[in-house]
Amino acid sequence: MAERRTGGFALTVLVGLAAGVGAAVGGNQVWAVADLTRSEESSSLVTTFVLRGEGASVPLATALGLVVLACWGVVLVSRGRVRRVVAALGALAAVGTLVTYAVGALTSVRDLADDFTAAGLPGVDIDLTRWFWFGLACALVSAVAAVLAVRRVPGWPEMGSRYDAPGEQGAARPVEDPSNLDLWKAIDQGDDPTR
């Protein structure tokens with residue numbers, strides 16, 4: 001019942017955080033691989049060798065995934081308009097991560113194919129790795145969670161003002177310590193200074 005009242009706060013945040021971590025980790029892995037098995041015969045000897053090529057990782061996907069994670073952290077501790085602006089920034093970064101995965105996959109495949117062509121081996125089959133598909137799925141889920149957060153953040157619970165930094169919003173002035181003489185005078189008048 002509380003989940004419905006808060007607009008899926010806990011579920012959205014947990015899914016967004018987990019997907020952001022997955023997208024960041026996936027961006028730091030190899031996205032494309034190609035294996036080529038060749039056999040060469042010279043006289044009576046047959047030599048078989050395997051050429052393996054790997055497409056590089058895409059660090060921009062990792063960086064944007066980390067921005068998404070930072071935005072989720074700020075959404076948890078902020079209030080009001082700041083919270084909504086940070087949620088929108090997180091959504092923008094999450095969508096950017098998704099776009100980076102799409103463009104990065106095409107670039108990785110093309111670069112790896114160019115490497116094989118330059119080595120005199122055109123037409124090699126190139127496959128996208130499990131890390132790419134995992135990261136792409138996480139980036140998609142992250143983008144959906146971040147967009148939902150922008151929409152639902154006004155109804156989510158906020159931290160109380162008691163967690164604000166001292167000196168903000170009419171904080172009480174510090175009480176000065178009474179001197180020893182004042183304490184003794186209070187005792188003489190019948191007041192208990194320990195209460």
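- The CZ atom of F9 sits 8.5 Å away from the CG atom of L14 when rounded to the nearest 0.5 Å.
- Between the side chain of T97 and the backbone N or O of A139 there is no donor-acceptor pair closer than 3.5 Å.
- When all heavy atoms are compared, the tightest approach of C138 to A23 is CB-N, 3.5 Å.
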Checking V21 against L17 for the side chain to side chain contact (heavy atoms under 4.5 Å, CB included) test, could you report, in this order, the C-alpha distance in whole Å, the side-chain angles of both residues, the deciding distance, and whether it holds? CA-CA 6 Å; V21 168; L17 283 169; 5.7 Å; no
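- Under a hydrophobic clustering in which Ile, Leu, Val, Met, Phe, Trp and Tyr are joined whenever their side-chain heavy atoms come within less than 4.5 Å, directly or via other members, L148 and V13 fall into different clusters.
- The CG atom of L136 sits 9.5 Å away from atom CG of L128, with the distance rounded to the nearest 0.5 Å.
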Could you go through W131 and N28, starting from their C-alpha distance and side-chain angles, then the distance that decides it, and tell me whether this counts as side chain to side chain contact (heavy atoms under 4.5 Å, CB included)? CA-CA 9 Å; W131 278 112; N28 203 32; over 6 Å; no
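- Remark: side-chain polar atoms of Y101 are not paired, donor with acceptor, to backbone N or O of L140 under 3.5 angstrom.
- Atoms OG1 and CD, from T62 and Q29 in turn, are 8.0 Å apart once rounded to the nearest 0.5 Å.
- Cluster membership for W133 and V109, using ILVMFWY side-chain heavy atoms within less than 4.5 angstrom, is shared.
- Rounding to the nearest 0.5 Å places OG1 of T12 at 10.5 Å from CZ of R151.
- Heavy atoms of other residues, nucleotides or ligands lying less than 6.0 angstrom from CG of D125 number 12 at most.
- V153 and V74 fall within a single hydrophobic cluster, where Ile, Leu, Val, Met, Phe, Trp and Tyr side chains are chained together by heavy-atom contacts under 4.5 Å.
- Residues V67 and L98 fall into different hydrophobic clusters, defined by Ile, Leu, Val, Met, Phe, Trp and Tyr side chains chained together at heavy-atom separations under 4.5 Å.
- Residue V58 comes nearest to G104 through the heavy atom pair CG2-CA, 4.1 Å, listed as atom of the first residue, atom of the second, then distance.
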Candidate pair D111 and T107, rule side chain to side chain contact (heavy atoms under 4.5 Å, CB included), full reasoning: CA-CA 6 Å; D111 290 348; T107 304; 3.5 Å; yes
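- Under a hydrophobic-cluster definition in which Ile, Leu, Val, Met, Phe, Trp and Tyr are linked whenever side-chain heavy atoms come within less than 4.5 Å, directly or via other members, V86 and W156 are assigned to the same cluster.
- Scanning both residues, G16 and A145, for their nearest heavy atoms gives CA-CB, 3.8 Å.
- S142 approaches V68 most closely through the heavy-atom pair OG-CG1, 3.5 Å.
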Side chain to side chain contact (heavy atoms under 4.5 Å, CB included) between L92 and V95: does it pass, once the steps are laid out? CA-CA 5 Å; L92 187 62; V95 170; 5.6 Å; no
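- Considering CH2 of W31 and CG of L106, their distance stands at 10.0 Å, rounded to 0.5 Å.
- A donor-acceptor pair under 3.5 Å is formed between the side chain of T100 and the backbone N or O of G96.
- Side-chain atoms of T129 never come within 3.5 Å of backbone atoms of A32 as a donor-acceptor pair (strictly under, hydrogens ignored).
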